[in-house]
Amino acid sequence: MKIGFIGLGNVGGKLSGSLLRNGHDVAVHDLNADFVAQKVADGATDGQSPAHLMQTCDAVITCLPSPAASAAVMEEMLPHIGPGKIWMEMSTTDEAEVKRIAAQVIAAGGAAVDCPVSGGCHRADTGNIAIFAGCDRPTFERILPLLTTMGRRVLHTGDLGSASVLKVLTNFLATANLVSVAEALTVAKGAGMDLGVAYEAMAISSGTSFVHETEGQVILNGSRDISFTMDLVAKDIGLFQDVADRAGVPLELNPLLIEIFQDGIARFGPRELSPNIIKRLEEATGLDVTAPGFPSEMVDDEPEEVGGEVIVRR
């Protein structure tokens, strides 16, 4: 299977790297020519354009920063979709939007999958990230070898669109965790606690979380570098709010998170690193919530392994 990959940013660059590292035939495209050149040096071919990729590849993966970006790329690819072609949407996108585009792909004889990832850029870099996949079962089985190359745990979530719903749900949880970790660490500092001890207390207790054990470390280091920015958080929790609104579920916490990140963006800019949401508290209190001994960025120290399908308990 020849694979086209569009979008070589923080996540897409790493996912395409896993495909290349494991011997897949990959052609790439990005608006940033330097990103394309780096992948070509790693063994990819220059895909030239979205249209050319769909013409020449069996499956084309999009991993882009917004639903609008994906829609623009798909406009170029749709005339070239036919039987046997697969579109794999790995962006964090809107359920309704992915279904809209997928309907056009399927009408042209192709297959469509929404397959976003979760688990942090450091795990995307090693092929150990988790992947959700929404599509019919035959399509899932066809692309499973690609998914298990890019990720360790692959979950077939059901019909197309289901993976996008679950992705924004998990990103909402991560955002809630980030804000609560920022508040807990700031209170620990204000109360005179040793922040190294506070980190360990949280890590071994019922208060721990994936976010604490990753983003908590780069918060305390001071780099706040988790390769994710405030505008992307705002997009994700906005998408989660859209899902809730369509489902008629009145939320209390997510609207507050939206306000917090809107304020963070107004103060620090949309491209500020997302863990720096703690700066709102640091500025309000005059506290410096950092401590020695923590890494400036997260590195996945688990060896790369071939992934597998997660079997749902029934």
Side-chain angles (χ1 to χ4, degrees), residues 10 92 118-123 130 166-245 249-299:
N10 283 332
T92 299
S118 184
C121 286
H122 62 299
R123 289 188 175 173
L166 291 169
K167 170 59 176 175
V168 297
L169 183 154
T170 58
N171 277 15
F172 155 72
L173 290 170
T175 303
N177 271 267
L178 173 58
V179 171
S180 64
V181 166
E183 292 192 355
L185 291 174
T186 306
V187 170
K189 177 70 172 186
M193 297 291 103
D194 180 308
L195 288 180
V197 173
Y199 172 86
E200 297 299 343
M202 292 163 66
I204 65 172
S205 73
S206 59
T208 196
S209 66
F210 175 83
V211 170
H212 170 60
E213 294 176 14
T214 54
E215 298 191 47
Q217 295 200 58
V218 297
I219 285 174
L220 291 172
N221 171 272
S223 75
R224 281 63 193 279
D225 186 2
I226 206 68
S227 300
F228 208 70
T229 52
M230 291 190 183
D231 58 338
L232 295 178
V233 173
K235 178 202 74 170
D236 290 351
I237 56 179
L239 291 172
F240 178 68
Q241 188 65 49
D242 291 342
V243 172
D245 291 345
V249 179
L251 300 182
E252 296 177 321
L253 181 54
N254 195 58
L256 178 58
L257 294 174
I258 290 172
E259 289 181 20
I260 288 170
F261 273 89
Q262 286 175 340
D263 181 62
I265 288 169
R267 294 189 193 201
F268 313 122
R271 303 303 293 167
E272 179 62 85
L273 293 164
S274 55
N276 262 329
I277 201 69
I278 197 173
K279 286 170 63 176
R280 296 171 68 252
L281 295 170
E282 288 180 314
E283 290 185 353
T285 60
L287 297 171
D288 174 22
V289 187
T290 59
F294 291 92
S296 60
E297 61 182 5
M298 297 310 302
V299 176

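Index from 1, following the sequence.
For the residue pair Q241 and D245, a side-chain donor N or O sits within less than 3.5 Å of a side-chain acceptor on the partner. Remark: the S227 side chain and the N10 side chain contain no N/O donor-acceptor pair separated by less than 3.5 Å.
The shortest heavy-atom contact between A176 and L253 is CB-CD2, 4.1 Å. Taking both residues in full, the closest heavy atoms of T175 and L257 are given as CG2-CD1, 4.2 Å, listed atom of the first, atom of the second, then distance. Between A234 and I265 the shortest heavy-atom distance is CB-CD1, 3.8 Å. Between A174 and V211, the shortest heavy-atom distance links the atoms O-CG2, 3.7 Å. Across all their heavy atoms, F268 and N276 have their closest contact at CE1-O, 4.0 Å. In terms of heavy-atom proximity, T170 sits nearest to S118 at OG1-OG, 4.1 Å.
A heavy-atom distance below 4.5 Å is found between the side chains of S209 and H212. With a 4.5 Å cut-off on side-chain heavy atoms, I237 and N171 do not count as touching. Proximity of V181 to Y199: side-chain heavy atoms (C-beta onward) are nowhere separated by under 4.5 Å. A heavy-atom distance below 4.5 Å is found between the side chains of T186 and L287. Side-chain contact check for K235 versus D231: every heavy-atom pair is 4.5 Å or farther apart. Two residues are said to be in side-chain contact when any heavy atoms from C-beta on lie closer than 4.5 Å; E215 and L178 meet this criterion. Under the 4.5 Å side-chain criterion, counting only non-hydrogen atoms from C-beta, T229 is in contact with L232. Residues F172 and L239 are not in side-chain contact: their nearest non-hydrogen atoms beyond the backbone lie 4.5 Å or more apart.
Ion pairing between a basic and an acidic side chain is recognised when a charged N comes within 4.0 Å of a carboxylate O; E282 and R224 show such pairing.
The distance from the CD atom of E259 to the CG atom of N254 is 10.5 Å, given to the nearest 0.5 Å. Between F240 atom CZ and K167 atom NZ the span is 13.5 Å, to the nearest 0.5 Å. In this structure, CD1 in I219 is found 9.0 Å from OG1 in T214, a value given to the nearest 0.5 Å. Between the CZ atom of F294 and the CG atom of L220 there is a distance of 5.0 Å, given to the nearest 0.5 Å. A distance of 10.0 Å separates NZ in K189 from OG1 in T285, rounded to the nearest 0.5 Å.
Counting only distance, with no hydrogens or angles, the side chain of N177 and the backbone of L173 share a donor-acceptor pair below 3.5 Å. Checked by atom type and distance alone, the side chain of T208 never pairs as donor or acceptor with a backbone atom of I204 at under 3.5 Å. Within the 3.5 Å criterion, the main-chain N or O of V197 finds a donor-acceptor partner in the side chain of D194. Of the possible donor and acceptor atoms, none in the side chain of H122 sits under 3.5 Å from a partner among the backbone N and O of I226. With hydrogens and angles ignored, the 3.5 Å screen pairs no side-chain donor or acceptor of E200 with any backbone N or O of G196. Side chain of N221 to main chain of T290: no donor-acceptor pair is present (N/O by atom type, distance under 3.5 Å, no hydrogens or angles).
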Practice task
Under the side chain to side chain donor-acceptor pair (under 3.5 Å) rule, what do E297 and S223 come out as? Steps first, then yes or no, please.
Solution key: CA-CA 7 Å; E297 61 182 5; S223 75; over 6 Å; no
Practice task
Report the C-alpha separation of L169 and V243 in whole Å, then their side-chain angles, then the decisive distance to 0.1 Å, and conclude whether the side chain to side chain contact (heavy atoms under 4.5 Å, CB included) test is met.
Solution key: CA-CA 9 Å; L169 183 154; V243 172; over 6 Å; no
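Put simply, the residue from R267, E272, M230 that forms a side chain to side chain contact (heavy atoms under 4.5 Å, CB included) with I277 is M230.
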